[in-house]
Every structure is written in C-alpha cells, then in structure tokens.
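Here the structure is laid out as structure tokens; the discussion comes afterwards.
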Number of protein chains: 2
Amino acid sequence: MKEILRQVMSQTIPIAQDEWEAFEPHIFTKTVKKREQLIRLGQISTEIAVIIKGSFRQYHIIEGEEKTTFFFFDNQFVCNYESILLQTPSNIVIEAMEDCELLYFKNETMQRLYRLYPKYEVFGRLIAENVYLCAMERLNTFLLNSPEGRYRKFLEHHDSQQILNRVPQHYIASYLGITPVSLSRIRARVARQARELA
Amino acid sequence: MKEILRQVMSQTIPIAQDEWEAFEPHIFTKTVKKREQLIRLGQISTEIAVIIKGSFRQYHIIEGEEKTTFFFFDNQFVCNYESILLQTPSNIVIEAMEDCELLYFKNETMQRLYRLYPKYEVFGRLIAENVYLCAMERLNTFLLNSPEGRYRKFLEHHDSQQILNRVPQHYIASYLGITPVSLSRIRARVARQARELA
DNA sequence: TGATTTTCTTATCTTAAGTTATCGTTTTGC
DNA sequence: GCAAAACGATAACTTAAGATAAGAAAATCA
C-alpha cells in the first residue's frame with residue numbers, strides 16, 4: 001500500500017530504491033471517520049498525509065461561520081502546509097467528508113531526508129513550487145472572474161463524478177466565495193441559458 | 001551594489017563567501033524607464049530581478065482590459081515565476097510604474113547553482129515556500145473578506161507612504177478585484193464611517 | 001504655459017449578490 | 001422505521017457592485 005505514496009511522489013520526481021528504503025519505514029497508515037477532524041484549530045501540524053481513499057474539506061471559522069476554502073481527494077497530499085512551514089497554530093480545520101484511509105509521515109522525517117538525500121530537497125522544492133502554482137491559479141479565478149464565471153470554470157475543471165456528486169453544494173458555494181443561496185441562483189441561471197441555447 | 005541582492009537573499013538563508021563568489025559574476029544591472037515593460041506578453045521568462053529602486057505592476061489583459069494583479073516594490077524579487085517554472089509564454093505583463101534600477105540574473109544560473117551548492121537548492125525551496133504563503137494570504141483575503149473588507153485590510157497592511165501614494169487608485173481597485181468607481185465609493189463610505197465614530 | 005491626458009469623484013441606472021424565511025426532499029442517527 | 005437534521009430551490013427584500021457618463025482636479029508633455 002505504501003507504494004501508492006511512492007507513485008504519487010514519482011509524479012513529481014522519480015525516487016530511487018535506496019532513497020525509498022530510507023523513507024519507507026517512516027510511513028504509517030491511519031483511518032479517519034466521516035466528520036472527524038484531521039487538523040484541529042490551534043494545533044501545530046507535524047504530519048503530511050496522502051489520501052488513499054476518501055475526501056476532506058478545509059475550513060476557516062469566521063465569526064462562528066465555517067468558510068470552506070479547499071477540498072482534498074484521492075491521491076492528493078493533505079496537510080496544513082502553512083502550519084508546518086511556519087510552525088504556527090492552525091487557523092483552519094481539515095475534516096473528513098467521507099470515511100478515509102491515509103498514509104502519513106512526520107514532517108521531521110522529511111526534514112531529515114532533506115539533509116540526507118539531495119533528491120528529497122529537490123522534491124521539497126518542486127512540491128512548494130507546485131502548490132504555489134495551484135494557489136495562483138485559484139487566486140486568478142477570483143481576480144479575473146465573476147462568481148458566475150468562477151462557477152463555470154469550476155464545472156469545466158472538475159469532473160462532476162469526482163467532486164460535484166460527492167460534495168454538498170453549500171461547501172462548493174463557500175469554496176467559490178459566495179453564499180449557498182447565490183450559488184443556487186447561479187445554477188438556475190446557467191441551466192436556463194444552456195436550455196435557451198438548445 | 002550587488003551586495004543588496006546578497007542582503008535580500010540572506011533574509012531567507014545566509015549565503016557563505018564561496019557560494020556568493022560563484023554567483024556574483026552572473027549578476028547584472030539594468031534600468032527600466034517608467035511605463036516600459038520588463039515582462040512582455042507571450043515571452044518565456046528567463047530572468048529573475050531584484051528591485052533596487054522603483055516599482056512595477058503586473059497585469060493580465062482580459063478582453064482588452066488591463067487587470068492589475070500584483071505590485072512589486074524596492075528590495076523585492078520581480079519575475080514571472082510561473083513562466084520560469086513551467087517554461088510557458090507569459091500571460092501577464094510586468095510594467096514599470098516609475099523609473100527603476102534592477103539587479104538580475106538568469107534562471108539557468110540559479111539552476112546551475114542548485115546542482116553545485118545544496119544551499120541554493122534550499123534557497124530555492126524556501127523562496128517557493130515563501131511565495132506560496134504570500135499567495136495563500138492574498139487568496140484568503142478574497143475567500144474571507146468582502147471588497148470593503150479587502151480594502152480595509154489593504155490599508156492596514158500597506159504603509160500609505162510606501163504604496164498608496166505611489167500607485168494610482170484604479171490599479172489598487174483592480175488589485176482588490178473591484179472597479180475604480182466601486183473603490184471610490186468604498187473609500188467615501190469608509191471615510192464617512194470614520195467621521196461618524198469621531 | 002497651455003492643451004491634452006489621466007485620475008478620481010459623484011450621480012444614475014441596472015444587475016447581481018447578501019439576508020432571511022419557507023417548503024419540499026433527502027440524509028442521518030437513534 | 002421514524003424523528004430530526006441537513007440540504008437545496010425559491011421568493012421577497014435589502015444592499016452593494018458594475019456600467020456609463022459627466023465634471024473637476026492633477027499630471028503630463030510638447
């Protein structure tokens with residue numbers, strides 16, 4: 001099963017056998033039940049996980065309201081990257097939307113590998129570059145698109161089987177930076193326009 | 001003058017003498033006049049610069065409209081990081097808002113240093129982590145705040161001497177994801193509320 | 001310096017998002 | 001299996017942002 005992590009990592013940079021063997025013993029498994037919190041408010045993150053099965057959402061709590069700001073699905077890394085990098089208490093919650101199976105390792109393990117194998121340092125850089133590009137792409141949808149435009153982009157970029165049918169709509173609304181009511185109206189508008197075109 | 005770059009880099013990680021001497025000959029200077037473009041549309045970026053004096057803005061062109069999405073000021077790195085990382089043509093323009101003086105180096109120089117000195121690889125990772133954190137902070141202002149809230153945060157986080165007085169207001173509006181007219185109204189509203197409190 | 005352009009504010013009108021509430025429907029938990 | 005909770009659509013109303021235009025002030029520059 002740990003091979004899945006190796007495969008996911010290899011999408012970024014190939015890991016040689018000796019490099020893998022130094023890592024492998026420090027990988028563990030974990031299950032998280034639906035609605036359980038993987039990352040809690042105020043906790044300093046020390047672990048990085050990969051999702052074998054299931055999905056998570058990340059949310060801020062703003063004036064008592066949960067604001068969903070990210071989703072995590074199968075074969076993705078899930079962690080509070082900011083808390084790990086800065087060693088600051090988490091200002092977000094990461095919570096299972098389904099029963100989940102995870103592989104995980106300690107950040108300190110990765111820090112040790114950084115020092116022992118240059119390859120892992122490169123891996124660390126590539127990961128950071130990658131999450132930066134993702135963050136920028138998401139930021140640009142806010143800078144360059146209206147709420148309706150963001151919803152249309154969201155539809156284009158996400159397989160409806162993969163996400164739409166697995167995630168309650170009001171989480172998606174929050175993710176798009178709008179209210180559930182507003183998303184419902186946008187959906188009605190978009191559907192009406194699609195019908196008029198046909 | 002090149003020492004300024006070393007100082008800026010040292011805010012991230014200290015650079016030893018031999019590491020610096022391998023780098024120093026590959027650093028050059030450049031001046032850019034107000035309104036000149038440092039990064040052009042469609043060009044693949046190869047250079048990374050540090051601003052000694054002056055400021056830049058970054059903009060997308062969407063349906064003929066310039067959408068200002070970022071500012072760069074003194075002692076900051078300026079480049080099209082995405083274009084450099086992915087080796088894709090630039091979808092943005094970076095243009096001088098004032099007459100500017102720059103230090104710059106080729107990305108390939110940094111790539112070579114990555115291989116020669118582990119320290120530079122670490123530097124590369126830390127830079128990537130850093131720009132990620134900045135991108136997330138900016139993304140969160142969109143996810144968690146209204147336009148007025150974003151403007152208030154913008155005021156808090158930016159010295160008005162540093163930015164506000166140097167940057168035309170309609171660029172700031174664009175940066176906040178709103179129209180110039182809307183920003184003008186928000187300013188009037190905020191000022192009125194401040195007056196009522198007093 | 002005088003003309004032109006840029007910048008910002010203000011006003012009007014339109015459009016869309018926020019708020020609140022209601023009502024079926026589905027899901028969940030005992 | 002049933003009661004409670006969660007979910008999504010919709011409606012009515014409020015609020016704020018977008019579009020457009022006009023005008024004053026400031027910056028630019030020839």
Side-chain angles (χ1 to χ4, degrees), chain A residues 33-36 54-55 57 59 62-68 71 95-99 141-155 160 163-196, chain B residues 33-36 55 57 59 62-68 71 95-99 141-155 160 163-195:
Chain A
K33 286 256 168 61
K34 183 170 179 172
R35 284 181 210 283
E36 272 180 18
S55 58
R57 74 182 176 110
Y59 59 88
I62 304 292
E63 293 165 20
E65 295 253 303
E66 294 179 6
K67 298 261 190 179
T68 298
F71 300 118
E95 186 179 294
M97 293 194 291
E98 309 167 287
D99 290 350
T141 67
F142 281 87
L143 286 165
L144 307 176
N145 300 109
S146 64
E148 181 175 324
R150 288 202 292 282
Y151 176 65
R152 287 177 183 278
K153 279 238 163 123
F154 181 84
L155 284 185
S160 61
I163 304 206
L164 268 169
N165 298 347
R166 275 165 87 183
V167 179
Q169 191 168 301
H170 63 287
Y171 292 167
I172 295 175
S174 198
Y175 180 83
L176 295 172
I178 56 180
T179 62
V181 179
S182 187
L183 177 55
S184 186
R185 273 187 303 227
I186 287 171
R187 281 164 52 82
R189 206 156 63 218
V190 168
R192 177 160 36 78
Q193 286 168 7
R195 233 178 304 115
E196 279 168 12
Chain B
K33 285 255 168 61
K34 183 171 180 172
R35 285 180 210 282
E36 271 180 16
S55 58
R57 74 184 175 109
Y59 59 89
I62 304 291
E63 294 165 18
E65 295 254 301
E66 294 179 6
K67 297 262 188 177
T68 298
F71 301 116
E95 186 179 294
M97 294 194 291
E98 309 168 287
D99 290 350
T141 66
F142 281 86
L143 287 164
L144 307 175
N145 300 110
S146 63
E148 181 175 325
R150 287 202 292 282
Y151 176 65
R152 288 177 184 278
K153 278 239 161 121
F154 182 85
L155 285 184
S160 60
I163 303 206
L164 267 169
N165 298 348
R166 274 165 89 183
V167 178
Q169 190 168 302
H170 63 289
Y171 292 166
I172 295 175
S174 197
Y175 180 84
L176 296 173
I178 56 180
T179 60
V181 178
S182 188
L183 177 56
S184 186
R185 275 187 301 226
I186 287 170
R187 283 165 51 83
R189 205 156 63 218
V190 168
R192 178 159 37 79
Q193 285 169 6
R195 232 178 303 114

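Numbered from 1 within each chain, the chains take letters A, B, ... in sequence-line order.
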* **Net bend of the helix from C:dT1-D:dA30 to C:dC30-D:dG1, end axes of five pairs each, nearest 10 degrees** =>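 Taking the rotation axis at each end, their angle is 60°.
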Reckon [X] touches a base, only the sugar-phosphate, or nothing at all at heavy-atom distances under 4.0 Å?
X        : answer
A:Ser182 : sugar-phosphate
B:Arg35  : nothing
A:Pro147 : sugar-phosphate

Rounded to the nearest angstrom, tell me the gap between atom [atom1] in [X] and atom [atom2] in [N].
X        : N      : atom1 : atom2 : value
B:Glu148 : D:dA16 : CD    : P     : 8 Å
B:Arg189 : C:dT10 : CZ    : P     : 13 Å
B:Ile186 : C:dT10 : CD1   : C1'   : 15 Å
A:Glu65  : C:dT19 : CD    : P     : 8 Å
A:Arg192 : D:dA9  : CZ    : P     : 14 Å
A:Tyr151 : D:dG8  : OH    : C1'   : 12 Å
A:Phe142 : C:dA17 : CZ    : P     : 13 Å
A:Asp99  : C:dG29 : CG    : C1'   : 14 Å

Out of [options], whichever nucleotide has its closest atom nearest the side chain of [X]:
X        : options                : answer
A:Lys34  : C:dT20, C:dT28, D:dA21 : C:dT28
B:Ile178 : D:dG18, C:dA11, C:dG18 : D:dG18
A:Val181 : C:dT10, C:dC8, D:dT10  : D:dT10
B:Arg187 : C:dT20, D:dA9, C:dT9   : C:dT9
B:Pro168 : C:dA16, C:dC8, D:dT10  : C:dC8
B:Thr179 : D:dT10, C:dT9, D:dG18  : D:dG18

Minimum heavy-atom distance [X]-[Y], with the two atoms named:
X        : Y        : value
A:Ile186 : A:Tyr151 : CG2-CD2, 3.9 Å
B:Lys153 : B:Asn145 : NZ-OD1, 3.7 Å
B:Ser55  : B:Glu98  : OG-OE1, 2.6 Å
B:Ile172 : B:Phe154 : CG2-CE2, 3.8 Å
A:Phe142 : A:Tyr175 : CZ-O, 3.8 Å

* Nearest-0.5 Å distance, CZ of residue A:Arg185 to OG1 of residue A:Thr179 -> 6.5 Å
* Nearest-0.5 Å distance, CG of residue A:Asp99 to CZ of residue A:Arg35 ->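 Nearest 0.5 Å value for the CG-CZ distance: 11.0 Å.
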Can you check whether [X] has a side-chain N or O nearer than 4.0 Å to OP1 or OP2 of [N]?
X        : N      : answer
B:Arg185 : D:dA16 : no
A:His170 : D:dA6  : no
A:Gln169 : D:dA9  : yes

* Asked: Pick one: which of A:His170, A:Arg57, A:Glu95 meets side chain to side chain donor-acceptor pair (under 3.5 Å) with A:Thr68?
  ->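 Result: among A:His170, A:Arg57, A:Glu95, A:Arg57 is the only option passing the side chain to side chain donor-acceptor pair (under 3.5 Å) with A:Thr68.
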